[in-house]
Amino acid sequence: MKRFGVGLIFCVMLFGFPVFALENTATLNGIVYDKFSGEVLSGASLTLSRDSEALPVRTAQTNTFGFYSFGRLQPGAYMLSVRFQRYQPFTVRIVIADSSASVRQNVYLTPYTARSKALVVEGQSYSQKEHLISSVELTQQMLKTVPATFGEADITKTLQLLPGIKSSSEASSGLYIRGGSPDQNLVLLDGIPVYNPMHLGGIFSTFNSDALSDVRVVKGVFPAEYGGRLSGVVDVSMRDGTREKISGNVNVGLIASRLLLEGPITDNATFMLSARRTYFELPIAAIKAVTTTPELPQYYFYDLNAKVSLALSENDKLVASAYTGGDVFLYTSADTTLRGNLGWGNTIANLRWTHILSPSIFTTVSAYYSSFLFSSDIDTKVSSSSPFIDVLNLFSQIRDIGTRAEVQYFHSDAHTAKAGIEAIYHRFLTLTDSFGQNIVGYVNLLDASRTVSALELAAYLQDEWSITPSLDATIGLRTTYFEQGNRVRVEPRVALSWEASDHLAVKGAFGVTNQFLHLVSRNDVTILPTDAWFPSTALIEPAQSLQYELGAETHLWEKEVFLSVQGYYKSLQHLYEFRDDARFTLLTPAETLLTEGKGEAYGAEIFLHKRMGALKGWIGYTLAWTWRTFPELNGGRPFAPRYDRRHDVSLVASYTLSDAWEIGATWTYGTGQAFTLPAAQYSFSLNTSQGSYYVAYPQIQYTERNGGRLPPFHKLDVSITHRFQWWNLPFQASLSVYNVYNRYNAFSWSVEYQTLSPTAYSTAWTSNIQQVSLLGIVPTFSLSVQF
């Protein structure tokens with residue numbers, strides 16, 4: 001009965017909302033498209049002015065689906081101007097006959113073809129009003145500025161170069177946003193949650209840049225439309241597919257190749273298909289053929305994106321999108337007595353219907369599926385002639401089936417309101433079949449039934465309110481009901497933006513967020529991916545975050561350079577980690593293995609960005625502190641998590657030599673990772689019936705948890721790109737060099753011992769620090785062609 005009451009409230013909030021919005025007023029609305037591809041353009045700036053006046057009377061931006069609306073207009077003639085980065089400005093005269101008229105004006109913007117012209121309009125995005133203090137739009141130009149990692153342009157590697165966003169190591173594509181771990185980020189692909197957005201242990205992300213159109217990141221207080229995570233949002237949209245003609249792109253690199261194919265199906269339908277696959281197994285096979293190291297494993301990963309868009313009418317559009325991708329790891333020992341087959345990956349599917357209910361009301365309804373699974377099959381045998389025996393067969397999965405509905409109401413220049421509801425059915429499954437489970441220790445972490453399900457319901461309401469011409473606010477409220485533990489949480493969100501002058505804006509925000517899903521890592525098993533998702537229960541509280549942020553933004557040198565300075569504070573409650581003395585057995589529930597703690601993060605960020613001219617790039621600096629406190633860990637004293645980094649610096653630059661040549665470089669510096677450092681060693685004698693003996697190896701005394709630091713990290717990457725015509729087709733050749741000055745940055749330190757002149761009653765040894773480094777200098781080459 002309680003669930004029915006909560007659902008009834010949600011429905012009233014959503015479907016009762018448009019009833020109050022229907023008014024008989026003059027409205028101008030439409031959708032902004034790319035003229036050639038037909039892609040909708042979100043975030044385009046629109047200005048409406050009287051035909052006889054130069055000053056604008058109204059301003060707006062297109063929403064995620066390219067829709068805009070000006071309501072409550074007086075009859076008369078107007079000039080509508082539309083601007084968007086990398087597109088030619090567009091102006092059209094609009095006549096509104098009477099106060100009840102509704103005028104539909106779709107806009108088709110023409111992209112600049114000459115690169116010298118495209119550079120001029122990069123600065124136009126600065127004039128777009130953005131109420132949120134920490135929202136970042138990652139453009140294709142920013143992505144192209146950064147040298148590709150191993151020939152692969154990666155959005156997460158680019159995001160890690162922004163202030164406030166860090167990586168845990170040089171081989172990680174995980175995003176640590178303002179003191180939060182990667183599982184505290186809501187990662188969306190076409191609005192669908194992706195639970196493991198990484199390949200190869202984090203070196204690459206699951207996002208194929210060829211298939212993407214927009215990337216939005218919110219690294220602080222995010223709007224009420226987002227929920228279920230604590231730290232940040234990465235909202236990625238796939239491209240719809242061009243309406244112009246069948247076209248595509250092929251990219252061949254040293255370790256991976258990509259294919260993009262898109263075009264019209266009919267006059268009202270388009271498609272997009274993108275694929276990527278690595279071929280690490282080919283050089284490994286070559287090495288095996290000529291060396292005596294046959295134990296090298298075989299590994300590859302793949303991604304497949306697909307999308308079909310169908311315009312049902314002028315007001316209706318149906319979109320179906322899907323993604324599947326995974327990692328495959330195969331291993332056979334030299335004596336063929338041990339073999340392993342491991343795989344993990346994501347699968348998502350989404351069906352979305354957008355409908356323009358009225359000239360000022362835009363609605364979306366979607367149903368989706370999202371799954372992440374990990375499976376392993378490890379077998380062994382006594383001899384090469386013996387049959388294989390299972391060591392570990394493991395299958396774990398988190399699966400979501402959800403639906404979402406949203407209404408956006410463009411009430412007036414002062415108010416744009418949005419309301420929505422969402423229902424998600426979570427299912428967690430872990431199956432283990434192994435005679436060696438007590439040895440390996442990787443067993444079911446949920447409960448004896450090995451399957452847990454949970455229903456999550458959420459509703460939100462928010463308003464973008466222009467209080468005065470210089471003061472804007474985004475005010476939102478989100479309410480969530482979670483079935484496990486029968487919990488209800490209310491989350492207020494407020495963001496303010498004050499235009500102090502034409503060149504200075506002051507912004508601040510406050511928000512409360514809750515996370516009902518937990519990801520906890522095992523530290524005692526290192527040979528397998530041991531992260532396990534599980535829900536909040538009657539004993540496990542949802543994690544909660546309170547965030548505060550304040551900053552200022554300005555433009556320098558005639559708006560050629562954008563400068564932002566921000567400060568933030570975040571408190572975290574109900575965080576969970578496994579206890580140091582946790583013992584993993586088959587029927588042990590997770591609640592008895594975990595310990596609860598809290599955390600806090602605070603810091604300051606500086607971002608200096610130049611988008612205009614032949615030289616483009618940015619400088620980012622972050623000064624940050626991140627702490628965790630668990631009563632049962634580290635003696636109850638606060639400690640820094642591994643990804644805490646006091647100083648973080650990024651320098652990114654690209655220079656356009658001509659239409660055919662471009663060079664780029666990035667330099668990064670960061671404080672070394674926190675880790676538990678060996679501080680002292682000691683030995684003792686062992687009394688037995690045969691006498692006293694010294695222990696063969698010393699015992700180690702460690703510092704407090706993560707009390708040491710690795711050496712600082714820094715490296716330089718460079719790239720050079722050449723564009724040319726061949727067979728009347730546009731080609732692009734790219735040469736990238738990772739870690740140009742070949743610095744071996746420390747990934748980890750360990751203590752190694754060497755025994756010297758042992759005797760029956762004494763042992764001498766020497767110890768030294770061994771450093772593990774992952775990557776030195778790595779050159780890569782790729783060649784792509786468009787058709």
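One is the number of the first residue; the rest follow in order along the sequence. In this text the structure is predicted, and so the values were computed from the model without any measurement.
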Checklist outcome for this item: Only one of Tyr568, Tyr548, Phe222 passes ring-ring contact (aromatic ring centres under 6.0 Å, His included) with Phe510, and that residue is Tyr548

Checklist entry - So do Thr513 and Tyr226 actually touch side chain to side chain, heavy atoms under 4.5 Å? => result no

Checklist entry - In this structure, which one of Asn63, Thr416, Thr64 forms a side-chain hydrogen bond (donor to acceptor under 3.5 Å, both in side chains) with Gln408? => result Asn63

Item to check | Charged N-O contact under 4.0 Å between Glu560 and Arg611 | outcome: no

Next on the checklist: Whether the Glu600 and Tyr569 side chains hold a donor-acceptor pair (N or O, under 3.5 Å, no angle test) is what I'd like checked.
Outcome noted: yes

Item to check | Carboxylate-amine/guanidinium proximity below 4.0 Å for Arg642 and Asp644 | outcome: no

Next on the checklist: Distance alone, cut at 3.5 Å: any donor-acceptor contact between the side chains of Asp183 and Ser181?
Outcome noted: yes

Item to check | Short N-O contact, Arg216 and Asp214, less than 4.0 angstrom | outcome: no

Next on the checklist: Side chains of Ser231 and Gln184 only: does a donor on one sit below 3.5 Å from an acceptor on the other?
Outcome noted: yes

Checklist outcome for this item: Separation between CD (Glu662) and NZ (Lys616), nearest 0.5 Å, reads 5.0 Å

Item to check | Side-chain heavy atoms of Phe607 within contact of Leu162, under 4.5 Å | outcome: yes

Checklist entry - Roughly how far, to the nearest 0.5 Å, is OG of Ser784 from CZ of Arg258? => result 7.5 Å

Next on the checklist: We want to know whether Tyr621 and His647 form a side-chain donor-acceptor pair, criterion being a heavy-atom distance below 3.5 angstrom.
Outcome noted: yes

Checklist entry - Under 4.5 Å between any side-chain heavy atoms of Asp34 and Pro111, yes or no? => result yes

Item to check | Any side-chain heavy-atom pair of Val107 and Val92 under 4.5 Å | outcome: no

Checklist entry - Just wondering, are more than 12 heavy atoms of other shown residues or ligands nearer than 6.0 Å to OH in Tyr669? => result yes

Checklist entry - Between the side chain of Ser274 and the main-chain N/O of Asp210, is any donor-acceptor distance below 3.5 Å? => result no

Checklist entry - Taking the six-membered ring for Trp, are His714 and Trp667 parallel (under 30°), tilted (30 to 60°) or perpendicular (over 60°)? => result tilted

Checklist entry - Given Lys507 and Glu553, is the salt bridge (charged side-chain N to carboxylate O under 4.0 Å, His left out) satisfied, shown in steps? => result CA-CA 8 Å; Lys507 300 181 179 182; Glu553 301 173 355; 3.3 Å; yes

Checklist entry - Are Glu549 and Arg178 close enough, and set up right, to give a salt bridge (charged side-chain N to carboxylate O under 4.0 Å, His left out), and what steps lead you there? => result CA-CA 11 Å; Glu549 52 187 340; Arg178 291 184 173 177; 2.7 Å; yes

